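These notes concern the structure reproduced below.
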2 protein chains.
Amino acid sequence: MKVTITDVAKLASVSIKTVSRVINNEPSVRKATSDKVMIAVKELNYQPNLAARNLAGSKSFTIGLVYDNPNAYYVLDMQNGILSCCKTEGYELLIHPCSYANKDMVEELKTMVRRARISGLVLTPPLSENSEVINMLDDQNIHYVRILSGQEADPQQTDCIYVNDHNAAYEVSNHLIKQGHKHIAFLSGDKGHKSTHERLAGYKESLIENNIEIDESLILEGEYSFSSGVENAKSVINLNNNVTAIIACNDEIAAGALFAARLMDIKIPEQLSISGFENSPFSRQTWPKLTTASQSIETIAQHAAKLLFSKTRGQRNKDKEIIKTFTPELVIRDSTGPANKS
Amino acid sequence: MKVTITDVAKLASVSIKTVSRVINNEPSVRKATSDKVMIAVKELNYQPNLAARNLAGSKSFTIGLVYDNPNAYYVLDMQNGILSCCKTEGYELLIHPCSYANKDMVEELKTMVRRARISGLVLTPPLSENSEVINMLDDQNIHYVRILSGQEADPQQTDCIYVNDHNAAYEVSNHLIKQGHKHIAFLSGDKGHKSTHERLAGYKESLIENNIEIDESLILEGEYSFSSGVENAKSVINLNNNVTAIIACNDEIAAGALFAARLMDIKIPEQLSISGFENSPFSRQTWPKLTTASQSIETIAQHAAKLLFSKTRGQRNKDKEIIKTFTPELVIRDSTGPANKS
DNA sequence: TGCCAAAATGACAACGCTGTCAATTTTAAT
DNA sequence: ATTAAAATTGACAGCGTTGTCATTTTGGCA
């Protein structure tokens, strides 16, 4: 039942070291030998023992994904994107949700990377922005790739993937302004997250360019949740009855805003336009469907994983195929429309 | 930087075997010795090497979770529930989404369990219902726990956790009937899933008990998706204008039905009651909020993980704390109401 | 054909832990 | 105090691979 490298070696009548060379794609193995070995591997359905490889070679063939649970779709797309790369590379994925709030978070992470002898780590926001985490990983000499909200990748940079939320927000805002909106509210996500700041900055830049005065009372602090969307939408509508549009920091907040509008009997988009971010399945399942800025988390995840693998191998050459800056695209649906001249 | 068991042994001036005993909670270690060792462990911040433990002891300290992506919330709650148990037991979790449709799925799974030398596996529906998968795991001598839709656990049964969807559907249906509904449509989930059948059976039982004739034209085949909900709700409403209530096989379908009703300008719940299953965050974020049958996936996941760990250890005794049958509870919200006598 | 460097292969230790079994210490009963 | 039994501890092999280095084979060239 259990097939070891020795069995393969016997069947192929070579040494175990040669088998090892073949399964690791090491050079200087004659084609004929390699073929013999491959046939034996297939024949016996040999699976190298991960633990033994890890122990002997100190490569764990396992990478980790660390996240502080933003929303379910985000996390799942991330996982799936990374897993699809792992599959082709023969790696396994260990997931590690952790709470930003937790004081021991860094210690816990450290324990995890040391225990499992992870080959590398993909960090998603907001953990990817945490310098304590980064320092710890540098200390421990762990490879990592960070997914960050930011405008552009330094071409030298070998450990970051950027999502240009600034530009995305700028586009969303511009679109609304073109539709005639002048009083556009901004419902923030978590204050600590860089994506919130980037999106806010994009929104402000768009207003300024269009000569619209920035009204701080239209900018509400909140968090990336449905209920934050409900609350903040309610209060901004109550306080400013000239608001004609809302930019929500993600689709969940936007869905909350939609809910609030419904509660207050406000017609979307006739009386109020609402837009989100992320293009999560969510945004297609609300009524009306959400205008949003689309980012393919799964694609981003794949590129992050590829970058991680190329780092692990110490390859710089193949990096060129890897996209390091993603700019979300505006997807116009039914939750936004022309401003009502009233 | 790297701390091995030998370092700990030296510092505590005992043999490495004794250290091993202590960190594995083996019996027959004197308290004083154990304390000495623990102090050394703390002092050096020793983390046992998982790979070495795996190789030497053929315990991998890793369990797997296998799922065929139902909805995002389900998967994530499952992961979190299991992870919370893993944390206390010092295990890691490997996730393995796989597609039921994929012909090689069983082979792929086999490769995965053999490669990673998984200690055990949690199987979620519909994979938990797949006899090919089960047979393969039995062949490979892998421990597993299945989460299944079914009425009751055989007390002897040591590898299943049941969710009583039958009863849940029965309750939902009864509730609607008490509200005066007589023409209740049923929007099925995937035909192959046992949960669909169980829920359908519960629905039928309720109708029969209440002397309502079963109208097969009110029972629509579908799948567990928003769009299936939209389509099937549309067609059942178009075909039967006396339908006053819809039982959807999960919250996503229900949300789709809500969407369809909105499209058709049907007032919920005044003209039509709609209920779902699962009590996913979803069900609190639709308008109106969904009446649903609540099951705490996270709790179920935790019990599944506990059961798996107790199996792995060969313990039968602690099983008693583990709940093996869960019956979802009716949660009445705003998407259902009294039937309109028309 | 013979010789040599380069290429290919193999032997064997090592990775860090646990299992087995033997050696030692403690306990309790005489 | 003595002794056997029980409890505790330790020595050492082995888990299935990869790394290192030695050995064998190959191919090119005089």
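Reckoned from all heavy atoms, side chains included, excluding hydrogens, waters and symmetry mates. No experiment lies behind these values; they were computed from the predicted model shown. Order of the sequence lines sets the chain letters (A, B, ...), proteins ahead of strands, with each chain counted from 1.
- Taking CD1 of A:Ile300 as the start and CD1 of A:Ile323 as the end, the distance is 10.0 Å to the nearest 0.5 Å.
- Rounded to whole angstrom, the span from the CZ atom of B:Arg117 across to the C1' atom of D:dC15 amounts to 10 Å.
- With respect to the salt-bridge test (charged N to carboxylate O, under 4.0 angstrom), the residues A:Lys306 and A:Glu89 do not qualify.
- For the segment residues 22-37 of chain A, residues with any heavy atom less than 4.0 angstrom from an atom of DNA chain C are, sorted by number, A:Ser28, A:Val29, A:Arg30, A:Thr33.
- For the pair A:Glu108/A:Met112, no side-chain contact is recorded, criterion being any heavy-atom separation below 4.5 Å from C-beta on.
- For the atom pair A:Asp104 CG and A:Leu109 CG, the distance stands at 11.5 Å (nearest 0.5 Å).
- Straight-line distance from the CD1 atom of B:Ile5 to the P atom of D:dA11: 13 Å, rounded to whole Å.
- Counting to the nearest Å, the C1' atom of D:dG16 and the CG atom of A:Asp7 are 11 Å from each other.
- Here the closest non-hydrogen pair linking A:Ile147 and A:Ala304 is CD1-CB, 3.9 Å.
- Although no hydrogens or angles enter the test, the distance criterion places a donor-acceptor pair under 3.5 Å between the side chain of A:Lys311 and the main chain of A:Tyr144.
- Scanning residues 41-62 of chain A for heavy-atom distances under 4.0 Å to DNA chain C yields A:Leu55, A:Ala56.
- Read 5' to 3', the first and last nucleotides of DNA chain C with an atom closer than 4.0 Å to a heavy atom of chain B are C:dG16 to C:dT26.
- Using modelled atom types, one side-chain atom of B:Asp190 and one backbone atom of B:Tyr224 make a donor-acceptor pair closer than 3.5 Å.
- A salt bridge does not link A:Glu129 with A:Arg146: none of the charged nitrogens is closer than 4.0 Å to a carboxylate oxygen.
- As rounded to whole Å, 12 Å separates atom P of D:dT20 from atom CZ of A:Arg21.
- A tilted orientation is assigned to the rings of A:Tyr91 and A:Phe61, their planes being inclined by 30° to 60°.
- Inspection of the B:Arg114 and A:Asn49 side chains reveals no N or O donor paired with an N or O acceptor under 3.5 Å.
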